Amino acid sequence: MNQDKVLPIPIDATRDANSFELISVWIANQCPHITIQSNAWDDPAAWGIVLFDVMQVVASQYSEETKKVRTEVFGRIRDGFLAELKAEEENFTKGRED
């Protein structure tokens with residue numbers, strides 16, 4: 001594997017003996033492949049907080065790199081998230097839960 005495709009470990013994580021990787025997302029065959037530490041918290045609502053934090057970081061970095069307005073970028077991320085959430089909720093109501 002090409003090391004240029006692997007993200008660096010954040011400096012604070014290298015300094016904390018109790019740090020651990022929480023989530024890894026790879027794109028392979030044009031699809032996301034995700035591994036997680038699913039039992040990191042007792043309450044799954046903590047994942048909502050983490051996902052929100054990820055949205056904020058993505059919006060900030062994307063807007064910085066593309067010179068687009070951060071609030072607009074965040075809005076587009078939110079729109080995509082909500083569209084996926086709506087589709088998943090429709091699957092639940094139709095009894096097609098995975």
Side-chain angles (χ1 to χ4, degrees):
M1 177 183 310
N2 185 342
Q3 289 299 316
D4 293 339
K5 295 182 179 183
V6 177
L7 296 172
I9 298 171
I11 192 77
D12 285 345
T14 65
R15 295 178 179 158
D16 180 355
N18 295 316
S19 68
F20 60 94
E21 189 169 28
L22 182 65
I23 186 169
S24 174
V25 181
W26 283 81
I27 301 299
N29 300 315
Q30 300 178 342
C31 295
H33 298 268
I34 302 167
T35 56
I36 63 171
Q37 293 281 353
S38 61
N39 61 350
W41 298 283
D42 292 333
D43 185 353
W47 280 101
I49 296 166
V50 169
L51 293 173
F52 180 78
D53 290 345
V54 169
M55 288 173 61
Q56 289 184 311
V57 171
V58 171
S60 293
Q61 288 186 6
Y62 188 94
S63 66
E64 187 176 308
E65 292 171 6
T66 63
K67 307 302 181 210
K68 294 184 178 182
V69 178
R70 186 194 174 284
T71 54
E72 292 175 8
V73 172
F74 188 87
R76 291 294 298 147
I77 295 168
R78 182 196 61 230
D79 292 347
F81 182 85
L82 291 176
E84 290 297 306
L85 184 61
K86 181 180 178 184
E88 186 68 12
E89 288 173 343
E90 288 173 359
N91 283 337
F92 287 153
T93 60
K94 294 176 182 173
R96 292 188 298 217
E97 184 175 346
D98 292 334

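Quantities reported herein were computed from a predicted structural model and do not represent experimental measurements.
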Would you compute the distance between atom CG of N91 and atom NZ of K86 and round it to the nearest 0.5 angstrom? 12.5 Å
If you take all heavy atoms of S38 and W47, which pair is closest and at what distance? O-NE1, 3.8 Å
Does D53, at its CG atom, have more than 12 non-hydrogen atoms belonging to other residues, nucleotides or ligands within less than 6.0 Å? yes
Is any side-chain heavy atom of D16 closer than 4.5 Å to a side-chain heavy atom of D12? no
For D43, all residues meeting side-chain contact (heavy atoms from CB on, under 4.5 Å), sequence neighbours excluded: A45
Hydrophobic cluster identity match, V58 and L51, side-chain contacts under 4.5 Å: no
For the OH atom on Y62, are there more than 12 heavy atoms of other groups (residues, nucleotides or ligands in this structure) within a distance under 6.0 Å? no
What pair of heavy atoms forms the shortest contact from P32 to I27, and how long is it? CA-CD1, 3.7 Å
Any side-chain heavy atom of V73 within less than 4.5 Å of one from V69? no
Does some side-chain heavy atom of I23 sit less than 4.5 Å from a side-chain heavy atom of I34? yes
How about Q37 and E21: do any of their side-chain heavy atoms sit closer than 4.5 Å? no
Which hydrophobic side chains are connected to F81, either touching it within the sub-4.5 Å cutoff or through other members that do? L82, L85
Please give me the minimum heavy-atom distance between A28 and H33, naming the atom from each residue. O-NE2, 3.0 Å
Using the rule that Ile, Leu, Val, Met, Phe, Trp and Tyr join whenever any side-chain heavy atoms are under 4.5 Å apart, tell me whether I49 and I36 fall into a single cluster. no
Atom CD of Q56 with >12 non-hydrogen neighbours under 6.0 angstrom: yes
Does a side-chain heavy-atom distance below 4.5 Å link W26 with T35? no
Nearest heavy-atom neighbours spanning L22 and A40: CD1-CB, 3.6 Å
V57 side chain reached by F52 side chain, heavy atoms, under 4.5 Å: no
S60 and R70: which non-hydrogen atoms are nearest, and at how many Å? OG-NE, 3.1 Å
For A13 and S19 the tightest heavy-atom approach is O-OG, 2.7 Å
Once salt bridge (Lys or Arg N to Asp or Glu O under 4.0 Å) is applied, do any residues pair with D79, and if so which ones, sequence neighbours excluded? R76
